Amino acid sequence: MDDLKIFAAPLQGYTEAPWRRAHSMVFGGVDRYFTPFVRVEKGAVRQRDLRDAVSPLDDGADVVAQAIFSDVDELRIIVDELSGRGVRRIDLNMGCPFPLQCRKGRGAALVERPEIVASVADYLRSVENVEFSIKMRLGYDRADAWRDVLPILNGVRLAHLTVHPRTARQEYSGELHYGEFGRLLRGSANPVVYNGDLCSIEDVMMVRDRYPDLAGVMLGRGLLSRSSLGLELRSGKVVPDDMVVDGLLRVHDEIFRYYKSTLCGDSQILMKMKPFWDYPQTLIGRKGWKPIHKATGLDRYLAAVDSLRR
């Protein structure tokens with residue numbers, strides 16, 4: 001699949017800089033990583049978001065910062081802050097389905113606010129030296145809401161438009177609206193990337209065969225569940241599960257060393273490390289996952305992780 005770009009989706013709490021660095025070192029197979037979204041809080045960019053978006057851990061890696069916003073004023077604050085720190089590629093989040101963000105008019109809520117999207121498009125055309133892309137849903141409530149904003153987005157030169165073919169109301173379950181996605185793909189003036197329920201080589205091949213004009217795919221939960229997925233897509237070969245687990249443990253150990261050196265106390269480290277095992281639960285088995293999940297101290301946590309080693 002050398003002709004298809006493979007991107008790693010941003011997931012809050014999972015794909016911060018330590019994970020991006022460790023995954024690229026151990027598994028790779030991904031052309032580009034996207035940071036969890038940067039947002040405005042009390043009129044300024046939230047500093048912990050900013051620190052992750054410009055982390056030195058990403059040095060030498062192909063990383064794009066993502067911004068979430070409710071209007072052009074919030075977007076301008078984020079772009080000014082990121083570009084002032086040397087960021088030259090920014091992805092605009094019009095796809096987050098979480099109610100907390102959508103109620104603020106952010107994420108997927110923007111797809112049903114074409115007047116805001118029009119003002120954002122005007123602003124993007126005025127920005128120099130920054131390459132923009134967009135990640136979006138088909139709509140908030142309606143799977144055809146994209147039709148009102150695509151003509152606006154076609155008036156902006158984007159690196160690509162990543163689309164998850166569900167509505168925000170559906171979050172991550174229910175019908176994938178393939179028909180609407182196909183119509184969007186045919187109508188887009190910008191390259192289109194597919195995102196959603198890609199958990200295996202077969203899933204990606206099905207999407208590529210169905211939509212041969214795709215510019216790429218974005219892997220989210222599928223990549224966190226099976227860290228070798230990008231590598232498998234590049235090679236066309238499935239990595240044996242035991243080797244995937246070995247690699248997963250190496251990724252874990254890299255991340256753990258980082259947090260052990262930068263955080264204080266068991267609870268802080270465990271708060272960062274336990275989510276690492278949320279998605280690979282099927283891979284390591286419930287018997288392996290349960291003691292990790294239940295561990296209340298670092299010693300028990302590490303003993304549970306060590307039980308996975310061959």
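This structure is a prediction, so every number in the text was calculated from the model and none was measured.
At a threshold of 4.5 Å between non-hydrogen side-chain atoms, the residues Phe276 and Phe256 do not count as touching. Thr162 is not listed as a side-chain neighbour of Met136, based on a closest heavy-atom distance of 4.5 Å or more. In this structure, Ser133 and Leu161 have side chains that are not in contact, with every pair of non-hydrogen atoms separated by 4.5 Å or more. Residues Glu180 and Leu184 fail the side-chain proximity criterion, which asks for heavy atoms closer than 4.5 Å. Contact of the Met25 side chain with the Arg250 side chain is not registered, since no non-hydrogen atoms from C-beta on lie closer than 4.5 Å. Contact check for Pro280 versus Leu224: no side-chain heavy atoms found under the 4.5 Å cut-off. Contact check for Met94 versus Lys135: no side-chain heavy atoms found under the 4.5 Å cut-off. Looking at Leu185 and Arg210, their side chains never come closer than 4.5 Å, going by heavy atoms from C-beta outward.
Remark: aromatic rings of Tyr258 and His252 are distant, center separation not under 6.0 Å. Aromatic rings of Tyr211 and Phe181 (six-membered ring for Trp) have centroids within the 6.0 Å cut-off, being under it. For Tyr279 and Tyr14, the ring centers sit closer than 6.0 Å to each other.
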Sequence neighbours left out, cut at 3.5 Å: what donor-acceptor pairs do the side chains of residues 107-127 make with other protein atoms?
from, atom 1, to, atom 2, distance (Å)
Glu112, OE2, Tyr140, N, 2.7
Glu112, OE2, Asp141, N, 2.8
Glu112, OE2, Arg142, N, 3.2
Arg113, NH1, Ser70, O, 3.2
Arg113, NH1, Gly105, O, 3.0
Ser119, OG, Ile116, O, 2.7
Asp122, OD1, Arg125, NH2, 2.5
Arg125, NH1, Gly155, O, 2.9
Ser126, OG, Tyr123, O, 2.6

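Heavy-atom neighbours of Arg21 CZ from other residues, nucleotides or ligands within 6.0 Å: at or below the threshold of 12.
Side chain of Asn195 to backbone of Met218: a donor-acceptor contact under 3.5 angstrom is found. A donor-acceptor pair is defined here as one N or O able to donate and one able to accept, closer than 3.5 Å; such a pair exists between the side chain of Lys274 and the backbone of Ala295. Of the possible polar contacts, none joining the Arg208 side chain to the Val217 backbone as a donor-acceptor pair under 3.5 Å is found. Looking only at distances, a side-chain donor or acceptor of Glu16 sits under 3.5 Å from a matching main-chain atom of Gly13. Panel note: side chain Asp31, backbone Phe7; no donor-acceptor pair is recorded below 3.5 Å. A donor-acceptor distance shorter than 3.5 angstrom exists from the side chain of Arg166 to the backbone of Gly174, with no hydrogens or angles considered. A donor-acceptor pair is defined here as one N or O able to donate and one able to accept, closer than 3.5 Å; no such pair exists between the side chain of Ser55 and the backbone of Arg51. In this structure, Gln170 contributes its side chain and Thr167 its backbone to a donor-acceptor pair below 3.5 Å. At least one donor-acceptor pair under 3.5 Å links the side chain of Asn190 to the backbone N or O of Leu153. With hydrogens and angles ignored, the 3.5 Å screen pairs no side-chain donor or acceptor of Asn93 with any backbone N or O of Ala67.
Here the closest non-hydrogen pair linking Leu229 and Cys199 is CD2-C, 3.9 Å. Closest heavy-atom contact between Ser83 and Arg88: O-NH1, 3.1 Å. Smallest separation of non-hydrogen atoms from Leu214 and Leu4: O-CD1, 3.8 Å. Summarising the geometry of His23 relative to Val30, their closest heavy-atom pair is CE1-CG2, 4.0 Å, with the distance given to 0.1 Å. Across every non-hydrogen atom of Leu11 and Gly220, the tightest pair is CD1-CA, 3.9 Å. Minimum interatomic distance between Ile269 and Lys260 (heavy atoms only, all atoms of both residues): CD1-CD, 3.8 Å.
Distance check, rounded to the nearest 0.5 Å: CZ of Phe27 to OG of Ser227 gives 5.0 Å. Here the CZ atom belonging to Phe132 is positioned 9.5 Å from the CG atom belonging to Leu158, to the nearest 0.5 angstrom. Here the straight-line distance linking atom CG of Asp209 with atom CD of Glu202 works out to 11.5 Å at 0.5 Å rounding. Within the model, atoms NZ of Lys272 and OG of Ser267 stand 12.5 Å from one another, a figure rounded to the nearest 0.5 Å. To the nearest 0.5 Å, atoms CG (Asp73) and CD1 (Ile78) are separated by 11.5 Å. The distance from the SG atom of Cys102 to the NZ atom of Lys104 is 11.5 Å, given to the nearest 0.5 Å.
No side-chain donor from either of Thr35 and Asp52 sits under 3.5 Å from a side-chain acceptor of the other. His160 and Glu131 are not linked by any side-chain donor-acceptor pair at a separation below 3.5 angstrom, with hydrogens and angles left out of the test. Remark: the His164 side chain and the Tyr194 side chain contain no N/O donor-acceptor pair separated by less than 3.5 Å.
The residues Asp62 and Arg20 are annotated as not salt-bridged, no charged nitrogen and carboxylate oxygen being separated by less than 4.0 angstrom. Ion pairing between a basic and an acidic side chain is recognised when a charged N comes within 4.0 Å of a carboxylate O; Arg106 and Glu74 show such pairing. The pair Glu81-Arg85 meets the salt-bridge criterion, with a side-chain N (NZ, NE, NH1 or NH2) lying under 4.0 Å from an Asp/Glu carboxylate O.
Both Leu308 and Val239 belong to a single network of hydrophobic side chains, linked directly or stepwise wherever heavy atoms of I, L, V, M, F, W or Y lie under 4.5 Å apart. Linking Ile, Leu, Val, Met, Phe, Trp and Tyr residues whenever their side-chain heavy atoms come within less than 4.5 Å leaves Ile68 and Val163 in two separate clusters. Side-chain heavy atoms closer than 4.5 Å link hydrophobic residues (I, L, V, M, F, W, Y) into clusters, and following such links, possibly through other members, connects Leu82 to Ile134. In terms of hydrophobic clustering, with Ile, Leu, Val, Met, Phe, Trp and Tyr side chains grouped at heavy-atom distances under 4.5 Å, Tyr172 and Phe37 are assigned to different clusters. With hydrophobic clusters built from ILVMFWY side chains whose heavy atoms lie under 4.5 angstrom apart, Met243 shares a cluster with Val245.
Asp49 is linked by a side-chain contact (heavy atoms from CB on, under 4.5 Å) to Val38, Arg39, Arg46, counting only residues two or more places apart in sequence or in another chain.
Arg309 pairs with exactly one of Asp253, Asp246, Asp242 by the salt bridge (Lys or Arg N to Asp or Glu O under 4.0 Å) rule, that one being Asp253.
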Worked check of side-chain contact (heavy atoms from CB on, under 4.5 Å) between Glu254 and Leu249: CA-CA 9 Å; Glu254 288 289 334; Leu249 288 165; over 6 Å; no
